[in-house]
Amino acid sequence: MTIKQYLIEEIEVLLQFPLNSTQAGIKVHHNARQEMIDATENLYKKGLISQHDGGYLTDLGYEAAEHLQHALQIIRSESSEIA
């Protein structure tokens, strides 16, 4: 299984949101990379963020971003148990 580039872009956008406050959001400006603009729009259409250009995480978006951050922590950790 491979991860399509558009999904990587969406993951990168979700990882921009801070999880320590529901009052913190992001804004993707019109001069950002087109891939980031498209990814942000896709996340909005999927109901993960509140605005087509960023805004805030929805409840589902928060859960997704939280899982992503945990997964990255696990993958990035150095483990002596890796065979």
Side-chain angles (χ1 to χ4, degrees):
M1 173 185 212
T2 61
I3 301 175
K4 301 288 185 189
Q5 187 61 39
Y6 77 92
L7 290 175
I8 293 171
E9 297 290 340
E10 290 178 16
I11 288 169
E12 288 183 359
V13 171
L14 281 175
L15 292 173
Q16 299 301 313
F17 286 90
L19 297 181
N20 59 351
S21 172
T22 58
Q23 300 299 315
I26 67 166
K27 167 90 169 142
V28 176
H29 295 276
H30 70 279
N31 59 349
R33 290 184 303 110
Q34 188 60 48
E35 296 85 1
M36 180 170 276
I37 293 170
D38 294 344
T40 306
E41 181 70 31
N42 290 342
L43 293 171
Y44 172 69
K45 289 177 182 176
K46 293 176 182 180
L48 298 175
I49 59 177
S50 65
Q51 300 291 319
H52 69 95
D53 61 351
Y56 303 96
L57 290 169
T58 63
D59 290 342
L60 181 60
Y62 184 90
E63 186 176 342
E66 188 175 47
H67 286 296
L68 282 170
Q69 287 193 12
H70 288 151
L72 280 175
Q73 288 172 353
I74 292 167
I75 292 169
R76 288 179 177 161
S77 69
E78 294 182 27
S79 175
S80 59
E81 296 185 29
I82 298 176

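For the single chain, residues carry numbers from 1 onward in sequence order. Quantities reported herein were computed from a predicted structural model and do not represent experimental measurements.
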At their closest point, which heavy atom of [X] faces which heavy atom of [Y], and how far apart are they?
X	Y	answer
Val13	Ala39	CG2-CB, 3.9 Å
Pro18	Ala24	CG-CB, 3.4 Å
Lys46	Leu7	NZ-CD2, 4.1 Å

**Message:** Run the salt bridge (charged side-chain N to carboxylate O under 4.0 Å, His left out) test against Asp53 and tell me which residues pass, sequence neighbours left out.
**Reply:** Lys27
**Message:** For Leu57, run the side-chain contact (heavy atoms from CB on, under 4.5 Å) check against Leu43, Leu19, Leu48 and tell me which one passes.
**Reply:** Leu19
**Message:** I'd like to know whether CZ of Arg76 has more than 12 heavy-atom contacts from other residues, nucleotides or ligands below 6.0 angstrom.
**Reply:** no
How many angstroms lie between atom [atom1] of [X] and atom [atom2] of [Y], to the nearest 0.5 angstrom?
X	Y	atom1	atom2	value
Glu9	Gln34	CD	CD	10.5 Å
Ile26	Met36	CD1	CE	7.0 Å
Tyr62	His67	OH	NE2	10.5 Å
Thr58	Gln51	OG1	CD	11.5 Å

**Asked** Quick one: does Thr40's side chain have a donor or acceptor within less than 3.5 Å of a partner on Gly54's backbone?
**Response** no
**Request:** Could you walk me through whether Gln5 and Glu35 pass the side chain to side chain contact (heavy atoms under 4.5 Å, CB included) test, one step at a time?
**Result:** CA-CA 9 Å; Gln5 187 61 39; Glu35 296 85 1; 5.9 Å; no
**Request:** Using side chain to side chain contact (heavy atoms under 4.5 Å, CB included) as the criterion, list what pairs up with Leu68, not counting sequence neighbours.
**Result:** Ile11, Leu14, Leu15
**Asked** Does one hydrophobic cluster hold both Leu72 and Phe17, with members joined at side-chain heavy-atom distances below 4.5 Å?
**Response** yes
